[in-house]
Amino acid sequence: MVKLPSAPLALHLDSAALKANWQWLAGRNGTARCGAAVKANGYGLGAVEVARHLLAAGCRDFFVATWAEAAELLPHLHGAALSVLHGVRPEDMAFALASGARPVLNSPEQIARWREADGGSCDVMVDTGMNRLGLSTRDVRPDLLAGLRIETLMSHLACADEDHPLNSEQLRRFRQAAAGVGAKTLSLANSAGILLGEKFAFGLTRPGLALYGGIPRGDGAGHIRQVVHPRAQVLQRRFIRPGQSVGYGATYVAERRREIAILNVGYADGYLRGFSGTGAALHEGAHLPVLGRVSMDLLAIDVSTAPEVGEGDWLDLEFDLPKAAAQAGLSQYELLTTLGRRYARIWR
Ligand SMILES: *Cc1c(COP(=O)(O)O)cnc(C)c1O
C-alpha cells in the first residue's frame with residue numbers, strides 16, 4: 001500500500017501549556033491533590049495523550065464519564081486512579097469489577113448493585129443543588145452507605161463560573177453531607193470551582209476546561225495558556241470582483257476587489273457555522289477574517305492583506321477560547337469537544 005498523505009488540517013497541541021495549566025491549577029489548591037477530567041476524549045484533544053502528559057506532570061487522579069472511555073484510558077494510566085462519573089448500570093458491572101477503575105455511585109440503586117457484588121473501592125456523588133447526577137442529601141445516611149469503601153465523596157458545582165449564591169450554598173450542603181460519610185477524600189471543585197478559592201478545594205479537585213486552555217472565570221485570564229491551535233492548509237487562492245459573493249447563501253458580497261483563500265476546514269471539523277463572518281485566520285501577525293458562511297469542509301478567508309499566502313500554505317485559525325466562544329456564540333466546552341476527527345493531532 002502507498003503511504004497515506006498527511007492530513008490538510010491539524011491541531012497543534014501544546015503539551016507545555018497543558019502541563020503549566022495543570023500546575024497553575026494545582027497551585028491554587030492549597031494541600032489538595034489536583035486531578036483531571038479527561039472525559040469526551042480529553043475534551044476533544046485526545047484522552048490518551050492528555051493523560052500521558054498530565055501523568056508526567058504529576059497528576060494521579062483522572063475522571064471519565066463512561067466505561068468505554070475508561071477502557072481506552074486504563075492501559076495508559078500506569079496505576080493512577082480512574083473514576084467513572086456515570087456509575088454502574090447492570091450491564092457495566094462485569095467490566096467495572098474487572099477493571100480496577102472506581103465507579104462514582106450516583107443513586108441508591110447503584111449503591112445496592114455495587115455492595116451486592118462486593119465491588120471494593122468506589123466513589124460517591126452527592127447532589128448539593130445541581131439536580132443532575134448524585135444521591136440527594138437526604139439519602140446520604142449511614143444505613144444506605146454502610147459497607148461501602150468510599151474513596152472519594154464528591155459533588156459538582158452548578159454555577160462556579162459565576163458569582164452566584166448557589167456556590168456557597170452548595171459548599172455548605174457538601175460539608176454537611178460529608179460529615180457523616182467517612183470518605184477518605186472529598187472533592188467539589190471543577191475548573192471554575194478552583195478559582196472560587198481554597199475552601200472549595202477539599203482534598204482533590206477535578207479541573208477539565210482550564211487544563212485545555214478554557215478560562216471559566218475572569219480570574220484565570222493571564223494564567224491559563226492556550227493549548228489548542230487549529231491550522232488548515234490553503235487549497236486555492238482566487239480573487240472576486242465587486243458585487244460578487246462568497247459561499248452558501250451568498251451572505252458575503254464584496255464591495256471591492258478581494259483576494260480570498262480557501263482553507264481545508266469546515267463545520268464538520270468543529271469549526272462551526274457560528275464563525276461565519278466572525279472568525280479569523282492568522283498569518284505572521286496578519287488577521288485574516290472569515291468571509292461568508294463556513295461550509296462543511298471548507299472556509300473562505302480574506303487574504304487581501306497577505307499577498308504571499310498561496311496554495312499549500314498553512315494558516316492558523318484564531319482559537320483563543322473565550323474570544324472564539326464569543327465569536328461563535330458557543331461555550332468554550334462546545335468548541336473543544338466538537339473538534340473533529342479529521343485533524344491530525346500533533347503534540348509539541
Ligand atoms: C466535567 C466535569 C468536571 C470538569 O469540569 P470543568 O468545568 O471542565 O472543569 C468535574 N467534575 C464533574 C463531575 C464533571 O462532570
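One-based numbering, in listed order, for ligands and for the atoms of each. All residue numbers in this chain count up from 1 along the given sequence. The model shown is predicted, which means the values in this text are computed figures rather than measured ones.
A salt bridge links Arg342 with Asp297: at least one charged nitrogen is closer than 4.0 Å to a carboxylate oxygen. Ion pair Glu169/Arg173 flagged as a salt bridge, since at least one NZ, NE, NH1 or NH2 atom sits closer than 4.0 Å to an Asp/Glu carboxylate oxygen.
Residue Asp316 is tested with His12, His229, Arg231 for a side chain to side chain donor-acceptor pair (under 3.5 Å); the sole match is Arg231.
Residue Arg132 has at least one heavy-atom neighbour below 4.0 Å for each of these atoms of ligand 1: 15 (O). Heavy-atom contacts of Met125 reach the following atoms of ligand 1: 13 (C) (cutoff under 4.0 Å). Near Leu209, with a cut-off below 4.0 Å to any heavy atom, the atoms of ligand 1 are 6 (P), 8 (O), 9 (O). Each of the following atoms of ligand 1 lies closer than 4.0 Å to a heavy atom of Tyr43: 1 (C), 4 (C), 5 (O), 6 (P), 8 (O). Close approach of ligand 1 to Ala37 (heavy-atom distance below 4.0 Å) involves ligand atoms 4 (C). Counting the atoms of ligand 1 from 1 in the order shown, those under 4.0 Å from a heavy atom of Pro207 are 9 (O).
Taking the salt bridge (charged side-chain N to carboxylate O under 4.0 Å, His left out) definition, one finds that Arg341 meets it with nothing, sequence neighbours left out.
Scanning all protein heavy atoms for the shortest distance to atom 9 (O) of ligand 1 gives Ser191 OG, 2.5 Å. Closest protein heavy atom to atom 5 (O) of ligand 1: Asn190 CB, 3.4 Å.
With hydrogens and angles left out, the side-chain atoms of Arg258 and Tyr252 include a donor and acceptor closer than 3.5 Å. Between the side chains of Arg293 and Thr251, not a single donor N or O lies within less than 3.5 Å of an accepting N or O.
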Inset, instruction - With side chain to side chain contact (heavy atoms under 4.5 Å, CB included) as the test, would you mind laying out the steps for Leu9 and Asp269 before giving the verdict? - result: CA-CA 9 Å; Leu9 65 172; Asp269 304 303; 3.4 Å; yes

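Contact between Tyr333 and ligand 1 is present, with at least one heavy atom of the residue lying under 4.0 Å from the ligand.
An N or O contact shorter than 3.5 Å links Gly208 to ligand 1 by distance.
Across Met130, Arg206, Lys39, heavy-atom proximity to atom 14 (C) of ligand 1 is greatest for Lys39.
Counting heavy atoms closer than 4.0 Å to ligand 1, residue Leu85 contributes side-chain atoms (C-beta onward) but none from N, CA, C or O.
Proximity of Phe63 to Val38: side-chain heavy atoms (C-beta onward) are nowhere separated by under 4.5 Å.
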